[in-house]
Structures are given as C-alpha cells and as structure tokens.
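Notes to accompany the following structure.
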Amino acid sequence: MKIFLDTANIESIRKFNDMGLLDGITTNPSLLSKEGRNPKEGMKEITEIIKGDVSLEVVSTDYMGMITEGKRLREYGNNVVVKVPMTSDGLKACKTLSSDGIPVNVTLIFSPNQALLAAKSGAKYVSPFIGRLDDIGQNGMNLIAEIKTIFSNYDFKTEILVASVRHPIHVVDAAKIGADVVTLPPAVLDKMLKHPLTDIGLNSFLEDWKKLHEKTGIDI
Ligand code: G3P
C-alpha cells in the first residue's frame with residue numbers, strides 16, 4: 001500500500017520524506033489555506049521535494065475553469081495529479097484531462113456509485129473520505145471494501161486513495177482490505193511510528209549499556 005501525506009506543510013513533508021516513507025502528497029484548498037503562505041510557491045515547492053504523485057486541487061466548479069486550472073497546475077511538475085470534485089463538471093473535466101494524458105484524482109467521494117462513475121471517467125485515483133462518513137454515523141471503511149470489490153470485479157485500473165483518515169486503525173483496516181493508497185495527516189503517521197513498548201525497551205537497553213560502560217570503560 002502506498003502512503004501519501006495529506007498536507008501542504010513543507011516541514012512535515014521533508015521530515016517524513018527523509019525517512020523514505022512518502023510515495024506522494026495530497027493537498028486541498030483547506031490544507032493550503034492552513035499554511036497561510038503564497039499557494040503557488042507552496043505547491044511548486046512540494047512538487048520539487050516529492051518524486052511521486054502530488055495532488056493539487058482546482059477551485060473552479062465549471063468544466064472550462066477546471067480544464068484551465070488543471071493545465072496550469074500541471075505546469076508545476078510532471079508529477080502533478082489534478083484533483084477535481086465529484087460533480088458532473090468534475091467528471092467531464094476528468095475525462096478530458098485524462099484523455100490528454102493528465103492524471104486526475106476525483107475527490108469528495110462518499111458512495112460506491114460515485115467511485116464507479118469516477119473510474120469510468122478515467123480517474124487515476126478516487127478519494128473516498130472515510131472519516132467524514134464516520135463523523136455522521138456511517139462506516140467509512142465499508143465504503144472502501146465496497147469500492148474494492150467493484151473495482152476488482154471489473155478490473156478497473158483506478159486506484160483507491162483512502163482519504164479523511166483520522167487514526168492508525170483506519171490505516172490497518174484499509175491495508176487489510178487492499179486499498180491502493182492511504183493519505184495521512186502528519187499526526188496519524190507520527191502515531192503509527194510509536195509504541196510504548198519500543199520506548200520502554202530502548203530505555204532499558206540504554207540503561208544496561210550505561211552500567212556496562214561504567215564497569216568496563218569501553219565504547220562501541
Ligand atoms: O485530502 C482531504 C481529506 O483527507 C480530508 O480530510 O480530515 O478534512 O476530513 P478531513
């Protein structure tokens with residue numbers, strides 16, 4: 001399963017990229033707004049740091065606007081995936097951009113039928129938002145399982161990019177289902193790294209080594 005970071009924060013991107021963990025990045029207008037800097041500079045910088053796919057989202061809601069913005073976003077780098085919303089115009093833009101060789105991520109997917117239609121329109125990725133379904137009392141992970149079954153039944157090449165991930169258990173469940181990608185807020189990736197027994201074990205190793213060093217005076 002590929003891991004993307006769901007952020008426009010350069011410091012977090014560098015931190016996890018330096019660990020070799022990142023296959024790509026997803027951004028959206030809210031994440032760019034959170035950083036509060038020049039969005040063009042921010043988007044360009046991300047496409048330069050990351051070798052894998054970087055999703056950059058259009059903000060037009062009409063077909064022509066999405067095409068114009070999509071082509072402009074693609075100029076930031078060959079790794080740019082244009083993110084369009086799951087609307088009629090978004091699917092039309094997905095079809096055109098995909099036919100022109102520009103990969104598309106259809107975002108704000110909340111039902112299996114929406115995922116099916118986005119795949120039919122030629123999307124490289126569909127982004128089901130599982131956390132927001134959980135928030136309204138539905139089971140977001142069931143949606144991932146349903147999309148996985150549908151895409152497997154018909155051998156769609158479109159990848160399932162699990163978005164709106166809120167905690168590490170979402171990641172384990174998505175991996176068990178066989179989702180292609182999870183996009184993670186930095187805080188979730190941080191939590192995945194940690195286990196209290198790792199910290200306890202490390203402290204104990206270091207204390208024992210210190211005792212041995214005090215006795216022998218020998219370094220590694
Ligand atoms: O990529 C966008 C998606 O992950 C949104 O997450 O937490 O705002 O529902 P959230």
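Each ligand, and each atom within it, is numbered from 1 in the order the structure gives.
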Exercise. Return yes when atom NZ of K95 has more than 12 non-hydrogen atoms of other residues, nucleotides or ligands closer than 6.0 Å, and no otherwise.
Key: no
Exercise. Using distance alone, with no hydrogens and no angle criterion, decide if T26 and T183 have a side-chain donor and acceptor under 3.5 Å apart.
Key: yes
Practice problem: Verify whether one side chain among R14 and S12 offers a donor that lies under 3.5 Å from an acceptor in the other. | Solution: no
Practice problem: May I ask you to check whether N79 and T47 show a side-chain donor-acceptor distance below 3.5 Å? | Solution: no
Could you list the donor-acceptor pairs under 3.5 angstrom formed by side chains in residues 84-93, with sequence neighbours left out?
{"from": "T87", "atom 1": "OG1", "to": "G90", "atom 2": "N", "distance (Å)": "2.9"}
{"from": "D89", "atom 1": "OD2", "to": "Y63", "atom 2": "N", "distance (Å)": "2.7"}

Quiz item: With hydrogens left out, which residues have an atom under 4.0 Å from ligand 1, given that only heavy atoms count?
Solution: D6, N28, K83, F129, R132, A163, S164, R166
Quiz item: Side chains of D180 and Y125: do they bring a donor and an acceptor to under 3.5 Å?
Solution: no
